[in-house]
> 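Can you keep this structure in mind? I'll have questions shortly.
Here is the naming used below: chain letters follow the sequence lines, and residue numbers restart at 1 for every chain.
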Number of protein chains: 2
Amino acid sequence: MLALTKKTGYALVAMSHLSRLDRGSLASAREIADLFDVPTSLLMNVLKQLASVGYVESVRGARGGYRMAVDPENVSLADLVGVLEGPVRLAECVTEVAGDDTECTCQVMANCPVADPLHRAQRKLKDFLASVTLGEIVKPAPAPTENKG
Amino acid sequence: MLALTKKTGYALVAMSHLSRLDRGSLASAREIADLFDVPTSLLMNVLKQLASVGYVESVRGARGGYRMAVDPENVSLADLVGVLEGPVRLAECVTEVAGDDTECTCQVMANCPVADPLHRAQRKLKDFLASVTLGEIVKPAPAPTENKG
DNA sequence: TGAAACCGTACCATAAGAGTGCTATATATG
DNA sequence: CATATATAGCACTCTTATGGTACGGTTTCA
Ligand code: FES
Ligand code: FES
């Protein structure tokens with residue numbers, strides 16, 4: 001339905017919380033889940049997934065928890081979506097636009113009249129998602145001067 | 001998974017085909033479905049939905065069919081998605097950003113730290129989808145001078 | 001009258017998403 | 001060592017959305 005999944009939403013909230021902690025501080029999944037009223041097990045799953053790709057670091061055992069492993073500025077919405085939801089694709093056939101080469105399987109339609117335009121739109125969507133960094137999400141408010149409307 | 005549904009894809013193909021016909025010419029659902037190898041019943045459903053909102057016009061009876069009822073330039077991806085898939089929303093709580101008022105139900109999370117930024121991102125996504133018009137999709141190739149990369 | 005084509009709706013099947021549970025492992029604490 | 005805490009990993013269920021199909025009805029033309 002052209003919407004982010006809840007997993008991505010949970011990841012945004014969790015990473016935003018972790019980003020605001022002091023460098024090196026830990027926060028347990030339970031703590032974060034309790035703070036934002038999200039299911040603990042769900043958040044654990046999401047955090048595990050984030051840890052597996054290196055976005056957050058996990059410390060096991062009592063007094064353990066999670067902490068940021070990368071700078072929020074280096075994580076974009078496109079990255080998160082790619083990790084948690086799979087590759088972004090506008091249409092069924094447009095599998096992924098990676099760099100210059102377009103891994104496309106447009107054989108699903110005989111003479112698809114919208115293949116090329118969709119690829120361009122796909123590229124633009126990917127570009128948009130990549131432009132939204134976690135750093136912007138973490139900031140509580142945008143600078144008033146940036147109020148481009 | 002942040003992807004358009006097949007219905008939207010079929011709609012794009014069908015409307016693109018209709019747009020290329022002569023003004024007033026009709027094309028039956030069966031004809032279009034046969035042309036692009038899509039299920040006839042599916043395409044009929046999509047076309048009916050498009051007709052119900054006035055994007056295409058239907059002519060019943062033998063020798064009937066569908067034809068464009070609006071200028072392709074006036075139909076954006078955001079419009080199509082809104083009709084066929086429901087409102088665009090980045091997050092669960094961000095229901096819809098319509099004009100100035102943001103119909104938002106952000107009570108799902110206690111102290112959501114990403115509410116405001118997500119709303120801004122949502123606005124940008126909507127703006128992007130609105131910027132992609134059916135007119136651009138219909139064109140077989142972008143003007144070489146527009147090759148912005 | 002009959003065929004062609006749209007109309008409307010209801011129905012089913014599969015897939016994806018959302019959520020839960022359990023066991024194992026690692027660490028701090030007593 | 002025993003225990004509580006907390007992550008790791010897996011598998012499982014449940015709900016919803018999507019994709020796809022079917023059937024009967026209505027309108028129009030030959
Ligand atoms: S089949 Fe690839 S864009 Fe249509
Ligand atoms: S609850 Fe609305 S953005 Fe998080």
> Closest-nucleotide mapping onto DNA chain D: is B:R63 or A:S52 further toward the 5' terminus? I mean the 5' end.
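Result of the comparison: A:S52.
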
> Should A:L26 and A:L21 count as side-chain neighbours, where that means a heavy-atom distance under 4.5 Å?
no

> Within this structure, what is the CZ-to-C1' distance between B:R67 and C:dA5, rounded to whole angstrom?
16 Å

> Figure out the CG/C1' separation between B:L84 and D:dA17, and round it to whole Å.
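For the pair B:L84 CG and D:dA17 C1', the rounded distance is 15 Å.
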
> Hey, are the side chains of B:L43 and B:L47 touching, using non-hydrogen atoms and a 4.5 Å cut-off?
yes

> Can you tell me how far C1' of C:dC7 sits from CG of B:L50, to the nearest Å?
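In whole Å, C:dC7 C1' and B:L50 CG are 15 Å from each other.
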
> Would you name the heavy atoms of B:P113 and B:P117 that are closest together and state the gap between them?
O-CD, 4.4 Å

> Once you round it to whole Å, what is the distance between C1' of C:dT27 and CG of A:L26?
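Checked: the CG to C1' distance equals 12 Å.
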
> Under 4.0 Å, heavy atoms only, any strand: does B:A29 hit a base, just the sugar-phosphate, or nothing?
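Sugar-phosphate: the residue B:A29, judged by heavy atoms under 4.0 Å, touches backbone atoms but no base.
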
> Using a cut-off of strictly less than 4.0 Å, decide whether B:K7 has a side-chain nitrogen or oxygen near OP1 or OP2 of D:dG20.
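So the side chain of B:K7 is outside the cut-off, no N or O lying under 4.0 Å from OP1 or OP2 of D:dG20.
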
> Looking at B:T5, I'd like to know whether one of its side-chain N or O atoms comes within less than 4.0 Å of OP1 or OP2 on D:dA17.
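Looking at the OP1 and OP2 atoms of D:dA17, neither is under 4.0 Å from any side-chain N or O of B:T5.
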
> For nucleotides 20-23 of chain C, list the nitrogen or oxygen atoms of the protein found under 3.5 Å from its nitrogen or oxygen atoms, one pair per line.
from: C:dT20; atom 1: O4; to: A:N45; atom 2: ND2; distance (Å): 3.3

> Quick one: pull up CD in B:E136 and CZ in A:R120 and give me the separation to the nearest 0.5 Å.
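Here the interatomic distance stands at 7.5 Å.
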
> Which nucleotide, C:dC7, C:dA4, D:dA4, lies nearest any side-chain atom of B:M44?
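Nearest listed nucleotide: C:dC7.
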
> In the structure I gave you, are the side-chain heavy atoms of A:F128 and B:L125 within less than 4.5 Å of one another anywhere?
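SC-SC contact between A:F128 and B:L125 confirmed.
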
> Does the side chain of B:L84 come within less than 4.5 Å of B:Q49's, by heavy atoms?
yes

> Measure from CD on B:E57 to P on C:dC6 and round the result to the nearest Å.
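In whole Å, C:dC6 P and B:E57 CD are 14 Å from each other.
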
> Spell out yes or no: do the side chain of B:R60 and the base of D:dT26 have one donor N/O and one acceptor N/O closer than 3.5 Å?
yes

> Do A:Y55 and A:M15 have side chains that get closer than 4.5 Å, going by heavy atoms?
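A:Y55 vs A:M15: side chains touch.
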
> Report the distance from atom CD of A:E85 to atom P of C:dA16, rounded to the nearest whole Å.
13 Å

> Counting just side-chain N and O atoms, does B:Y10 come under 4.0 Å of either OP1 or OP2 of D:dT18?
no

> Kindly point out which of C:dA18, D:dA6, D:dC29 is positioned nearest to the side chain of A:K6?
C:dA18

> Rounding to a whole Å, what distance do you find between B:R30:CZ and D:dT21:P?
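Result: 14 Å.
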
> Rounded to the nearest angstrom, tell me the gap between atom CD in B:Q49 and atom P in C:dC6.
16 Å

